[in-house]
Amino acid sequence: LAQEVSTGPALIADGNGVVLLASPASWKYATLKPLSGEVIAEIGRHQFDGRAPGGLTLDVDVEAASVGTPVRLPSPGGGPEAPAALGGHDYLAFSRHLPESAWRLLVFANLRPVRAQALTAGALAAAVAGCLLLGFLYVRQRRRALRAQLESQALLQRANQALERKVAERTVDLSDAVSRLEAEVGERKRAVLELRAAQDELIQAAKLAVLGQLATGITHELNQPLGAVRTLSGNAIEFMKRGNLETAESNLRIVGQLAEQMGAIITPLKTFARKSPAVSSAVDVAHAVASALFLFDQRLQRCGVSVDNRCRAGELIAWCDPNRLQQVLVNLVGNAIDAMLVQPVRRLTVEAWRQADGRIALSVGDTGGGFSPAVRERLFEPFFTTKPAGEGLGLGLVISRDIVRDFGGDLSAESPPGGGARFVIHLPAGAGDATGSARPDQGAFPT
Ligand code: ADP
């Protein structure tokens, strides 16, 4: 406080409250309290060399100042020595009686530094409080986050447990489903095997039916050499009795040749009739065509059908079962002959070529009546036949298409522009074929 007093203004006032001495000097003759004009004039008359005081009133309660009172000091009045700090600032006024006089000493302590200190302390306190609040908020937030984390962990754990339970349930369901599927697959496999066996039986039955149709021709073909054998062997006996062994020997040689001829007729029949599972191999299509035509040799001649076989041995090799390919050809040739029976021109054309995609195509065409669009639609339907009862079963084409599809090929029917009918067998190229692959591609063909 002593320091503040020394830096603040100070004054000495007399018993009337008139400033006698002051720093700043401009306060000299100022009054502490407003005085009436008469008092001022009276004082002026007796003191201060006739100069009237009271030009400036400081408005200080002297009694209150004895214990210290805040005051608002007026502007110092423009004197050059007046401290700039005195303009309208708050001061704390202290007054003391000067011993043995009515005079008083008043000192003013500038409150600005104190206020600044208070403000600093306040700001500091506010900052500390702010920090504390922030700390508190942080801790609270942390706690909340921790609680949320724990809750989400618990939630996650519960979800995990639920998931594990579900997975376990699903696993049981799935293993049940797998067992059921395995059982079903087993069932299907058995069904497929049974179906295949039934198909094989059907194919065999169809073969035997064809054989039945061929029987007449074959009998006829065998009859001739058989008659010759009978005659030649009878003659041989006679010649031997007469001692003409040379002629007997020549007769017996011819008998042997005829037996071989009959064997050659029977062997393809045996091969054709054999019940065998389909086994694919490289097949010369010309060979399969020749075998099928050989079986029909008699019938073709009898019906006056001319054959135009354009297949050359060794040219085109397909990948299929030779026996079954022959069966398909027998079906197609048999149908072609049937279709041409009532036609004036009867010509059977068989040709083979390589398709753009590298596969082998083999066609059987005829000059028969062909088929109407309605019949063509139903050609491959089981039991569809236009032949009289007892002559057709309507299974030949269905079985033939099944056989060819088994090879990875297909069978299609066409109505050529010149009339008649044409069936085309599409086959995979086989090993050994000039341009074919070692193993055929098993893709299906469009029909
Ligand atoms: P099926 O010969 O026992 O009738 P297919 O399945 O072999 O049975 O033939 C079904 C039908 O297709 C025949 O009845 C016939 O109407 C018709 N068809 C087959 N081949 C020919 C052909 N080359 N020309 C005209 N129609 C044919």
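Both ligands and their constituent atoms are indexed starting at 1 by order of listing. Since the model is a prediction, treat every value here as computed from it, not as a measurement.
In terms of N/O distances under 3.5 Å, ligand 1 is approached by G394. For A339, no nitrogen or oxygen atom sits less than 3.5 Å from a nitrogen or oxygen atom of ligand 1, counting backbone and side chain alike.
The nearest heavy-atom contact from the protein to atom 17 (C) of ligand 1 is L379 CD2, 3.5 Å. Remark: minimum distance from atom 5 (P) of ligand 1 to any protein heavy atom is reached at L397 N, 3.6 Å. Counting only heavy atoms of the protein, atom 23 (N) of ligand 1 lies nearest to D366 OD2, 2.9 Å. Ranking the protein heavy atoms by distance from atom 2 (O) of ligand 1 puts K387 NZ, 2.6 Å first. Regarding atom 14 (O) of ligand 1, its nearest protein heavy-atom neighbour is T386 N, 2.8 Å. Atom 20 (N) of ligand 1 has its closest protein heavy atom at N335 CB, 3.3 Å. Looking at atom 10 (C) of ligand 1, its nearest protein heavy atom turns out to be F384 O, 3.2 Å.
Residues F371 and S415 are in side-chain contact: their nearest non-hydrogen atoms beyond the backbone lie under 4.5 Å apart.
Listed by number with element, the atoms of ligand 1 under 4.0 angstrom from any heavy atom of G392 are 3 (O). Residue F371 approaches ligand 1 through these ligand atoms, each under 4.0 Å from one of its heavy atoms: 25 (C), 26 (N), 27 (C). Listed by atom number, the atoms of ligand 1 under 4.0 Å from G396 heavy atoms are 5 (P), 6 (O), 7 (O), 8 (O). Per-residue contacts place T385 under 4.0 angstrom from the following atoms of ligand 1 (heavy atoms of the residue considered): 1 (P), 4 (O), 14 (O).
The closest donor-acceptor contact from the side chain of S95 to the backbone of S66 lies under 3.5 Å. A donor-acceptor pair under 3.5 Å links the side-chain atoms of R346 to the main chain of C303, judged by distance alone.
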- Message: Please determine whether side-chain hydrogen bond (donor to acceptor under 3.5 Å, both in side chains) holds for the pair D176 and S179, giving the CA-CA distance in whole Å, both sets of side-chain angles, and the decisive distance to 0.1 Å.
- Response: CA-CA 5 Å; D176 283 358; S179 326; 5.1 Å; no
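Electrostatic pairing of E169 and K166 does not count as a salt bridge here, judged by no charged N lying under 4.0 Å from a carboxylate O. Between D59 and R72 there is no salt bridge, since no side-chain N of the basic residue sits under 4.0 Å from a carboxylate O of the acidic one.
Within the structure, the closest approach of L393 to ligand 1 falls below 4.0 Å when heavy atoms are considered. Within the structure, the closest approach of F423 to ligand 1 falls below 4.0 Å when heavy atoms are considered. By the 4.0 Å heavy-atom criterion, G370 is counted among the residues contacting ligand 1.
Within a 6.0 Å sphere centred on CD of E377, other residues, nucleotides and ligands contribute 12 heavy atoms or fewer. For Q224, the CD atom counts as loosely surrounded, since its 6.0 Å shell holds 12 or fewer non-hydrogen atoms of other residues, nucleotides or ligands.
Here the closest non-hydrogen pair linking S306 and R347 is OG-CG, 3.2 Å.
Under the side-chain contact (heavy atoms from CB on, under 4.5 Å) rule, C311 has a single partner from L293, D284, V289, which is V289.
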